[in-house]
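On a predicted model such as this, the values are computed, not experimentally measured, just so you know. We name chains A, B, ... by the order of the sequence lines, and we start the count at 1 in each one.
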Protein chains: 2
Amino acid sequence: MLSEQELAKSPLFHDISYQDYREILSCFQAVQRSFRPDELIYDFSSDAVGVVERGQASLIRIDEEGVATVLEDLGAGGVFGKTLAFAGSTGDSLEVVCRRPCDVVFIDYAHILSRCGHACQRHSILVQNMLQLMADKAQALSCRVDVLSRRSIREKLMCYFRQLSQQTGNRTFTLPFSLSTLADYIATDRSAMMRELKRLREEGTIRSEGRQFTIRQ
Amino acid sequence: MLSEQELAKSPLFHDISYQDYREILSCFQAVQRSFRPDELIYDFSSDAVGVVERGQASLIRIDEEGVATVLEDLGAGGVFGKTLAFAGSTGDSLEVVCRRPCDVVFIDYAHILSRCGHACQRHSILVQNMLQLMADKAQALSCRVDVLSRRSIREKLMCYFRQLSQQTGNRTFTLPFSLSTLADYIATDRSAMMRELKRLREEGTIRSEGRQFTIRQ
DNA sequence: CATATTGTGTGGGATATGCAACGGAAAGGG
DNA sequence: CCCTTTCCGTTGCATATCCCACACAATATG
């Protein structure tokens, strides 16, 4: 259960009064839970849709050999659920795990889509907020596809860097995760990526120290 | 303008009466247009959201060197728009082009999100349909990320094949596009992909003839 | 504090992948 | 129907990328 202040910042319940918020929780049978780092948030077994209200989580795929890949990075407003992600190969399993302390709301997807007779006003606003979050998610996934569809490590890196730079509106930015995870994110070998970073640094195309990067131009 | 029969099949106007449909078009200032193959549908200059009602289109990226990459394959129900796709590197341009004869509806995104005083019932249904389309889009993009995040051509191919197989519920399926486009879709060199396909065929992991494939198991 | 775990930086060797190029098949257009 | 364009299938060669392995720093863990 969110406090009145937290509610104001909530992406899903934006523009909804505290009174309505509580009624929605019961009407939609929504569940709100908090998580600690490394805790398992969701294992794609239920039909619920989850919304990250606060904190940070990751959607990861674990293939048959146990190799983990970061599929998505979920911040506040991040949405996930069985109906939103493809459980690709049958052998693979998907998980949402907590990175930084999280508040998450779970709502049954069918409840959101079905038009309920009463409470229609509230329902309508919630659906609109949900639509906004879905649009954001689609955009985030598009970014990811943009990066992954590049042919070489160098291009992937620069594409991703430009995205981060554009988001902060600054040529200098900080990676949201470790370099090892970055390699995972752009789906390449870590050592090969390190080599490429070195080359980019030597050429002067980028500067970096730790997780802080600056791109030229 | 759709006929009454076509309206029934429309993903965006699903569950909306013909009367309401016409009023929505004017209320939302929606525009409906048809396109012929190779015609430019959308160039990401306006803030409109487009929905493919019928036919097939592709979202492609053209980088500074003029190399085109298929980012998305849009069938009936496909959604696109500036707010839904990332204009990755500034030098690149994005386009939606017609593949097979298309009907497309354009609606201003702000119109969809803003709560209008009158016509709220219609609005609400439209937003819910939109939400459904966005969820579908997110799922499609997730699939794409799933494929692209694989490390080798072989894994990418098999991942994609399994997805198609799962969609049709059959071990045999037909590619939605040419082999050349497939190479583009999984972001690899065409000849390298052909080599890998040959190997998979020799091993007996897959069978193929033209665009028709069968996977083992 | 000692100890484990994870992250960073580097290199050598094997190979999967990209590139350029070609010829024929198939398909589309006038 | 011919002609143009796209698609398919294949090869040799160069190299970018992967895999394995190591050393050390940074961070967590008890």
Check whether any side-chain heavy atom of [X] lies under 4.5 Å from a side-chain heavy atom of [Y], and answer yes or no.
| X | Y | answer |
| --- | --- | --- |
| B:Tyr21 | B:Glu4 | no |
| A:Tyr109 | A:Lys82 | no |
| A:Asp189 | B:Arg151 | no |

Atom-to-atom span, [atom1] of [X] to [atom2] of [N] - whole angstrom:
| X | N | atom1 | atom2 | answer |
| --- | --- | --- | --- | --- |
| B:Leu197 | D:dG9 | CG | P | 9 Å |
| A:Leu175 | C:dG7 | CG | P | 13 Å |
| B:Gln212 | D:dC8 | CD | P | 14 Å |
| B:Arg211 | D:dT6 | CZ | P | 14 Å |
| A:Lys198 | C:dG9 | NZ | C1' | 8 Å |
| B:Leu182 | D:dC8 | CG | C1' | 13 Å |
| A:Ile186 | D:dA16 | CD1 | P | 16 Å |
| B:Glu155 | D:dT17 | CD | C1' | 14 Å |

Dump the pairs, protein N or O against N or O of nucleotides 24-30 of chain D, anything under 3.5 Å, distances to one decimal.
none

Which label fits B:Tyr160 and B:Phe177: parallel for a plane angle under 30°, tilted from 30 to 60°, or perpendicular past 60°?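 Parallel, since the angle between the ring planes stays under 30°.
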What pairs of donor and acceptor atoms, side-chain ones from residues 33-41 of chain A against any protein atom, are under 3.5 angstrom apart with sequence neighbours left out?
residue: A:Ser34; atom: OG; partner: A:Asp103; partner atom: OD1; Å: 2.7
residue: A:Glu39; atom: OE1; partner: A:Arg36; partner atom: N; Å: 2.6

So, is the end of the A:Arg201 side chain (NZ or CZ) under 6.0 Å from the ring centre of A:Phe213 and within 45° of the ring's axis? no
Pairing residues for B:Ser149 by the side-chain hydrogen bond (donor to acceptor under 3.5 Å, both in side chains) criterion, not counting sequence neighbours: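 With neighbours one apart ignored, the set is A:Arg61.
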Evaluate the criterion side-chain contact (heavy atoms from CB on, under 4.5 Å) for residue pair B:Met194 and B:Leu179; output intermediate values, then yes/no. CA-CA 8 Å; B:Met194 297 298 273; B:Leu179 287 175; 4.3 Å; yes
Produce a footprint string for nucleotides 14-23 of chain C: one letter per nucleotide, 5' end first; B if the base is under 4.0 Å from any protein heavy atom, S if only the sugar-phosphate is, - if neither. ---BBBB---
I'd like to know if A:Arg199 and A:Glu196 make a salt bridge, using a cut-off of under 4.0 Å between side-chain N and carboxylate O.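 Yes, A:Arg199 and A:Glu196 are salt-bridged.
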Among residues at least two apart in sequence or on other chains, which ones pass ring pair (Phe, Tyr, Trp, His ring centres under 6.0 Å) with A:Phe80?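 In terms of ring pair (Phe, Tyr, Trp, His ring centres under 6.0 Å), with neighbours along the sequence ignored, A:Phe80 is linked to A:Tyr42.
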Just the table, please: protein N/O against nucleotides 24-30 of chain C N/O, every pair under 3.5 Å.
none

Looking at B:Gly55, is its backbone amide N or carbonyl O close enough to the side chain of B:Arg100 to form a donor-acceptor pair, meaning the two atoms are under 3.5 Å apart? no
